[in-house]
Number of protein chains: 2
Amino acid sequence: MSLKITPRSTALRVAIQHKINTKTKPLGALGVLESLALQIAEIQNSLNPRLIQPHVLVFAADHGLVDEGVSLYPQAVTAQMVQNFIHGGAAINVFCKQHNITLRVVDAGVNADLSQYKTEILHQKINYGTKNSLKEAAMSATECVRALDAGADVVNKVAKTGCNVIGFGEMGIGNTAAASLIMAKITKLPLATCVGRGTGLNDSQLVQKNKVLEAVLAQHTSATSPHEILMSVGGFEIAQLCGAMLKAAELGMCLVIDGFICTSALLLAYTLEPNVLDYCIFSHCSEENGHQAMLQFLGVEPVLRLGLRLGEGSAAALAYPLLESAVLFLNDMASFESAGVSEANV
Amino acid sequence: MSLKITPRSTALRVAIQHKINTKTKPLGALGVLESLALQIAEIQNSLNPRLIQPHVLVFAADHGLVDEGVSLYPQAVTAQMVQNFIHGGAAINVFCKQHNITLRVVDAGVNADLSQYKTEILHQKINYGTKNSLKEAAMSATECVRALDAGADVVNKVAKTGCNVIGFGEMGIGNTAAASLIMAKITKLPLATCVGRGTGLNDSQLVQKNKVLEAVLAQHTSATSPHEILMSVGGFEIAQLCGAMLKAAELGMCLVIDGFICTSALLLAYTLEPNVLDYCIFSHCSEENGHQAMLQFLGVEPVLRLGLRLGEGSAAALAYPLLESAVLFLNDMASFESAGVSEANV
């Protein structure tokens with residue numbers, strides 16, 4: 001994929017900040033909402049930004065590395081959860097419905113035949129799960145490029161609805177392992193800083209996961225570029241997320257980043273195109289060990305800290321009403337002048 | 001007012017926790033939302049809690065102490081902001097509209113004649129602002145009792161709509177000063193820990209505010225009970241908030257506490273009836289110096305940390321969709337069994 005992500009425009013910064021500052025409230029009193037309002041207005045290069053047709057995209061795929069016992073759940077749960085999404089029973093269904101967000105689930109590489117769900121999901125399956133990265137590359141170079149392109153294609157489809165804000169989510173048993181490996185490769189932090197309990201490993205299981213991932217890294221010491229990292233230790237959902245994020249930024253959308261796995265995809269996207277960060281809103285800091293360090297590496301602050309570690313785009317959906325609040329206060333609040341309220345004595 | 005607040009029922013705790021644990025998500029993966037779901041279900045003593053007719057109540061009043069230069073804004077702003085609420089131009093209007101929350105504004109003691117707004121606001125004016133607490137008691141014993149009762153009356157009115165969840169907010173130029181004095185009295189923390197910049201004092205203005213409040217405390221050393229504290233250094237909106245919170249807890253509602261000033265009212269309510277805490281959800285930690293220490297004194301965790309310092313119940317309204325999310329996941333998510341999803345290998 002060939003992309004050109006421009007930095008977001010700062011042409012209106014002074015005017016937007018003036019509009020924020022003259023609202024009937026003490027200067028800066030809406031805190032993070034004011035930063036969000038400024039960012040969204042700049043992304044849209046408008047004094048009156050609008051959030052249109054919000055979507056959450058959940059990319060699902062399986063991981064060969066689960067053979068090494070890195071997850072508490074069997075691989076079959078990935079496909080079962082996709083069916084749960086289809087039937088509306090998962091957390092992300094509930095939160096998207098609550099906030100009128102359109103949910104689209106993408107089969108990026110689930111190890112099950114989901115072709116019966118013709119219209120319920122988007123079919124972008126690269127393969128039936130990745131290979132076991134302890135033994136070989138997780139995917140081929142061709143698969144990697146196809147996955148990046150497939151992610152971009154999904155965003156192109158969604159853009160046709162008029163959508164200008166996307167929450168990125170994922171589902172894939174074993175994908176915290178892949179995300180930790182990507183994080184270790186990109187940030188060069190010690191592996192132990194990058195590895196966490198995922199769906200809920202106990203202490204001894206966590207030690208085992210660390211051992212496995214240490215051995216995986218030893219297998220793939222030469223992988224350094226984002227493409228090489230994806231091929232050697234990545235996942236199809238992570239690769240599609242990376243491609244999707246880059247495309248969404250190129251299209252000037254607001255990107256709402258979910259948790260640990262989505263942020264690992266963004267680490268890759270950011271390495272390829274640092275300007276992608278201008279379009280990103282970080283919905284939360286996950287309980288998963290490593291997420292805080294990822295956010296620090298990127299130099300960004302999350303909106304929510306709710307002790308979540310679910311994925312699925314759940315935190316992106318939960319943070320969405322705060323994006324709406326930011327846009328609404330900017331557009332709908334009265335100014336000191338329009339409301340006839342006296343300003344501060346300064 | 002005579003009240004009997006019972007602790008919230010724990011009769012269903014095991015059953016509620018089981019319901020939470022069998023939802024299709026890793027154990028505990030919804031973090032704070034799981035604690036909120038448990039609390040709300042216990043408050044309602046139901047496995048299927050519902051949030052009905054949510055309200056935000058904004059109690060507005062003026063403070064005689066503003067004569068001493070403790071605020072950046074002139075006293076007239078209190079009445080001007082009430083008019084802004086009436087016309088829909090304030091932050092709290094925008095956020096309540098966004099989340100379908102009914103906003104009711106109460107004239108608890110604004111220093112202006114607001115009687116022309118017959119139905120737009122609730123008229124519970126105790127007096128035209130408090131007296132200057134540097135020179136005399138802020139209010140009489142009669143006014144204090146009337147204010148507590150008036151707050152309870154407002155909640156009784158709101159309860160008739162079927163409402164079972166109330167966000168508490170306030171507006172009153174100078175009321176961070178009163179809240180700091182109450183905090184110092186109740187928590188016995190050093191005054192400097194309790195005093196902040198309010199609407200945005202600079203360093204030298206903050207020094208001046210500290211000096212004034214030190215002198216006010218020296219005037220009222222004998223005040224120790226909640227009633228005595230309210231009378232000597234309180235405010236009409238704070239007293240009505242205190243009475244309203246106690247009544248709401250007595251009625252078994254969910255109380256959503258806003259920021260620094262509302263929490264000062266809760267400190268008084270908590271001193272009178274510690275069980276009130278069982279019904280409280282703390283919407284956020286304010287940027288106002290002292291709020292974090294108040295929350296620590298109460299031993300509670302806030303839902304949001306967004307750097308807000310606006311009041312008006314704004315954070316209560318912003319946190320409300322997360323309460324909804326908690327109730328919705330508890331009621332609407334599938335269980336592992338109902339969705340046919342495999343459970344963890346443990």
Side-chain angles (χ1 to χ4, degrees), chain A residues 23-35 72-74 76-77 80-81 83-84 87-91 93-95 97-99 198-200 202 287 303-312 314 317-318 321-322 324-325 328-329 332-335 338-346, chain B residues 23-35 72-74 76-77 80-81 83-84 87-91 93-95 97-99 198-200 202 287 303-312 314 317-318 321-322 324-325 328-329 332-335 338-346:
Chain A
K23 296 293 180 181
T24 46
K25 58 170 188 53
L27 210 60
L30 281 174
V32 171
L33 292 192
E34 299 194 15
S35 321
L72 217 55
Y73 286 84
V77 167
Q80 290 166 354
M81 282 300 297
Q83 289 167 305
N84 197 18
H87 297 124
N93 296 102
V94 172
F95 303 149
K97 188 176 171 196
Q98 179 188 359
H99 298 305
T199 48
N202 65 26
E287 276 295 283
V303 176
L304 300 171
R305 289 182 184 274
L306 294 173
L308 307 170
R309 47 181 176 79
L310 178 57
E312 302 179 2
S314 53
L318 291 168
L322 292 168
E324 281 190 313
S325 298
L328 287 168
F329 99 73
D332 295 349
M333 262 181 81
S335 68
S338 73
V341 175
S342 309
E343 300 205 40
N345 305 309
V346 279
Chain B
K23 295 293 183 182
T24 45
K25 58 169 189 54
L27 211 61
L30 281 173
V32 170
L33 292 191
E34 298 194 16
S35 322
L72 216 57
Y73 286 84
V77 168
Q80 290 167 354
M81 281 301 295
Q83 290 167 303
N84 198 17
H87 297 125
N93 297 101
V94 172
F95 302 150
K97 187 175 171 199
Q98 179 187 0
H99 298 306
T199 48
N202 65 25
E287 275 295 285
V303 176
L304 299 172
R305 290 183 183 273
L306 295 174
L308 307 169
R309 48 182 176 77
L310 179 57
E312 302 180 2
S314 53
L318 291 168
L322 292 167
E324 282 190 312
S325 298
L328 287 169
F329 99 74
D332 296 349
M333 261 181 83
S335 68
S338 73
V341 175
S342 309
E343 298 206 40
N345 304 311
V346 280

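Atom set for the values below is all heavy atoms of this structure, side chains included, hydrogens, waters and symmetry mates excluded. Residue numbers start from 1 in every chain, and the chains themselves are labelled A, B, ... in the order their sequence lines are given, proteins ahead of strands. Treat the numbers as computed from the prediction; the structure is a model and nothing was measured.
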| Closest approach of Gly31(B) and Leu308(A), non-hydrogen atoms and distance? | N-CD2, 4.3 Å
| request: For residues His99(A) and Pro321(B), report the shortest heavy-atom separation together with the two atoms involved. | output: CE1-CB, 3.8 Å
| note | Closest non-hydrogen atoms of Met81(A) and Thr24(B), given as atom of the first, atom of the second and distance, are CE-O, 3.9 Å
| Contacting moiety of Asp332(A), where chain B heavy atoms sit under 4.5 Å | both
| request: Find the distance between OG (Ser35(B)) and CG (Leu306(A)) and round it off to the nearest 0.5 Å. | output: 10.0 Å
| note | Bottom line for Glu287(A): the part with an atom under 4.5 Å from chain B's heavy atoms is neither
| What closest approach, in Å, do Arg309(A) and Pro26(B) show between heavy atoms, and which atom pair accounts for it? | NH1-CB, 4.0 Å
| query | Among Gly307(B), Gly89(B), Ala29(B), who wins on heavy-atom pairs under 4.5 Å with chain A? | reply | Ala29(B)
| note | Heavy-atom nearest pair, Met333(A) first then Ala90(B), reads CG-C, 3.8 Å
| task | Any chance you could measure Phe95(B), atom CZ, to Leu33(A), atom CG, to the nearest 0.5 Å? | result | 5.0 Å
| query | Who among Gly88(A), Ala334(A), Ala339(A) has the most heavy-atom pairs with chain B under 4.5 Å? | reply | Ala334(A)
| field | Arg305(B) CZ to Arg305(A) CZ distance, which is reported to the nearest 0.5 Å | value | 9.0 Å
| task | Would you name the heavy atoms of Ser325(A) and Gln98(B) that are closest together and state the gap between them? | result | OG-OE1, 2.7 Å
| task | Examine whether an atom of Leu304(B) lies under 4.5 Å from a heavy atom of chain A, and if so say whether it belongs to the side chain, the backbone or both; otherwise answer neither. | result | side chain
| task | Under 4.5 Å heavy-atom distance to chain B, tell me which part of Glu343(A) shows up: side chain, backbone, both or neither. | result | backbone
